[in-house]
Protein chains: 2
Amino acid sequence: MSRTTGNADVFAAIADPTRRAILDLLSQGEQPVKQIAQPFSMSLPAISQHLSVLCEVKLVTQRKEGRQRFYRLNPEPLKQVFNWVSYYEQFWQDKLDVLGNYLEDNP
Amino acid sequence: MSRTTGNADVFAAIADPTRRAILDLLSQGEQPVKQIAQPFSMSLPAISQHLSVLCEVKLVTQRKEGRQRFYRLNPEPLKQVFNWVSYYEQFWQDKLDVLGNYLEDNP
DNA sequence: GTTTTAGTTAAGCAAACACTTAACTATTGT
DNA sequence: ACAATAGTTAAGTGTTTGCTTAACTAAAAC
């Protein structure tokens, strides 16, 4: 299995800026849909659909309380993104090393 | 400026598994298009188009040599992804802490 | 100079995406 | 019971995406 396989569609889920903003919002704590929707200039169904996408890839979980649905961040799937992108850290780190060595050799 | 703004479409670029695989491939070093295309069951134009997308968000650079085009990984834009996702590290770290505290309190 | 080789660009297409409005379900308040 | 509130589901639409094949450009080889 390659490094890329199995990441499913978490990458696709966070490709949308609105969904990333929703995750950022939920990092403050769980919130009902209306409150989530408030900062966005977008219909409520649109937000609901974005939440469905996030739900499907398990980036959020749902809790029902009365007629409200509280959505909560579930960060675990982001580990896949973190792991994938972390691999590339060495490359910009390497570049820093090159610069560092250059500065050492040319004081 | 929110944490999400300015990430441009790097997130969209890496949403596609083929493009992630291409980046993985190029992490081994620069390669001409034909060599990049080889592991994929996809037409050459398809790969060329994927490379264009990666080029547009500056995740790869091009070098022309004879009739070959060598593509090289440029990891810098991935920092945006790294920075965004790193913020969430605390949340799965926090969960570990919660577990850690629980284990401490319940030896 | 014609033919390979390497690759991009053009045109077209089916599927997916990000919305919208309208209709629906379920809970709460009167 | 009835209306208001919270949210989802359905249906429709314009745009974007990921591919294809065919036509093109440019360098190399013969």
Side-chain angles (χ1 to χ4, degrees), chain A residues 2 4-5 7-26 29-74 77, chain B residues 2 4-5 7-26 29-73 77 81:
Chain A
S2 92
T4 304
T5 324
N7 293 338
D9 22 22
V10 182
F11 285 90
I14 64 161
D16 187 274
T18 302
R19 283 194 293 265
R20 286 200 302 281
I22 290 176
L23 293 177
D24 288 351
L25 221 92
L26 292 180
E30 66 169 9
Q31 289 176 40
V33 177
K34 219 183 180 188
Q35 200 173 328
I36 296 169
Q38 195 211 313
F40 301 96
S41 51
M42 206 179 290
S43 70
L44 205 58
I47 298 295
S48 185
Q49 285 155 22
H50 279 305
L51 288 169
S52 295
V53 172
L54 293 174
C55 232
E56 264 162 35
V57 300
K58 307 215 160 65
L59 275 169
V60 300
T61 56
Q62 228 186 2
R63 183 174 63 86
K64 203 176 164 182
E65 186 180 315
R67 55 187 156 183
Q68 294 184 93
R69 251 89 155 188
F70 286 86
Y71 281 85
R72 173 191 290 271
L73 173 69
N74 179 47
Chain B
S2 92
T4 304
T5 323
N7 293 339
D9 24 21
V10 183
F11 284 90
I14 64 161
D16 186 273
T18 302
R19 284 195 292 267
R20 287 200 303 282
I22 289 176
L23 292 178
D24 288 351
L25 221 92
L26 291 180
E30 67 169 9
Q31 289 176 41
V33 177
K34 220 184 180 189
Q35 200 174 329
I36 296 169
Q38 194 211 315
F40 300 97
S41 51
M42 206 179 289
S43 70
L44 206 59
I47 298 295
S48 185
Q49 285 156 23
H50 280 304
L51 287 169
S52 295
V53 172
L54 292 174
C55 232
E56 264 161 36
V57 300
K58 308 219 161 62
L59 275 169
V60 300
T61 57
Q62 226 187 3
R63 184 175 63 85
K64 204 176 165 183
E65 186 180 314
R67 55 186 156 182
Q68 294 185 92
R69 249 89 151 188
F70 285 86
Y71 281 86
R72 174 191 290 272
L73 173 70
V81 180

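It should be emphasised that the depicted structure is a prediction, and the values quoted were computed from it without experimental measurement. Here is how names work: the chains are called A, B, and so on, in the same order as the sequence lines, proteins then strands, and each is numbered from 1.
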Practice item. Ignoring backbone atoms, test whether Q62(B) places a side-chain nitrogen or oxygen under 4.0 Å from the OP1 or OP2 oxygen of dG7(C). Key: no
Check your understanding: Just to confirm, is there a sub-4.0 Å distance from OP1 or OP2 of dG7(C) to any side-chain nitrogen or oxygen of S48(B)?
Key -> no
**Study point:** OP1 or OP2 of dA6(C) under 4.0 Å from side-chain N/O of Y71(B)
**Key:** no
Practice item. Using atom CD1 of I22(B) as one end and atom P of dC19(D) as the other, report the distance to the nearest whole Å. Key: 9 Å
Review point. Which nucleotide in the list dG18(D), dC19(C), dT8(D) gets nearest to the side chain of D16(B)?
Key: dG18(D)
Point to revise | Nearest-angstrom distance from the residue atom NE2 of H50(A) to C1' of dA16(C) | key: 14 Å
**Study point:** Value rounded to 0.5 Å, distance of CD in Q31(A) from CG in L26(A)
**Key:** 6.0 Å
Practice item. Using a heavy-atom cut-off of under 4.0 Å over every strand shown, decide if P32(A) touches base, sugar-phosphate, or nothing. Key: sugar-phosphate
Revision key, fill the gap. Here the side chain to side chain donor-acceptor pair (under 3.5 Å) pairs for residues 36-59 of chain A, sequence neighbours left out, are R19(A)-H50(A)
Exercise for review: Using whole Å, report how far CZ of F11(A) lies from P of dT17(D).
Suggested key: 18 Å
Review point. Between dT27(C) atom P and K34(A) atom NZ, what is the distance in whole Å?
Key: 18 Å
Review point. Quick one: is K64(B) getting a side-chain N or O under 4.0 Å of the dA27(D) phosphate, OP1 or OP2?
Key: yes
Review point. Can you tell me how far C1' of dT8(C) sits from CD1 of I36(B), to the nearest Å?
Key: 14 Å
Exercise for review: Can you tell me the distance, in whole Å, between the CD atom of E30(B) and the P atom of dG7(C)?
Suggested key: 12 Å
Check your understanding: When you measure from the side chain of Q49(A), which nucleotide among dT8(C), dT8(D), dA11(D) comes out closest?
Key -> dA11(D)
Check your understanding: Whole-Å distance between dT5(C) C1' and E65(B) CD?
Key -> 15 Å
Revision key, fill the gap. Separation between CG (D9(B)) and CG (L59(B)), nearest 0.5 Å, reads 10.0 Å
**Study point:** Side-chain donor-acceptor pair present, E30(A), Y71(A), cut-off under 3.5 Å
**Key:** no
Review point. Can you tell me how far CG of L54(A) sits from CD1 of I22(A), rounded to the nearest 0.5 angstrom?
Key: 6.0 Å
Review point. Expressed in angstrom and rounded to an integer, what is the separation of R67(B) atom CZ from dA29(D) atom P?
Key: 6 Å
Exercise for review: When you get a sec, tell me which of dT20(D), dG7(D), dA6(C) is the closest nucleotide to the side chain of Q68(B)?
Suggested key: dA6(C)
Practice item. Would you please confirm or rule out a distance under 4.0 Å between OP1 or OP2 of dT20(C) and any side-chain N or O of S43(A)? Key: yes
Check your understanding: Relative to the 5' end of DNA chain C, which residue comes earlier, R19(A) or R69(A), by the nucleotide with the nearest heavy atom?
Key -> R19(A)
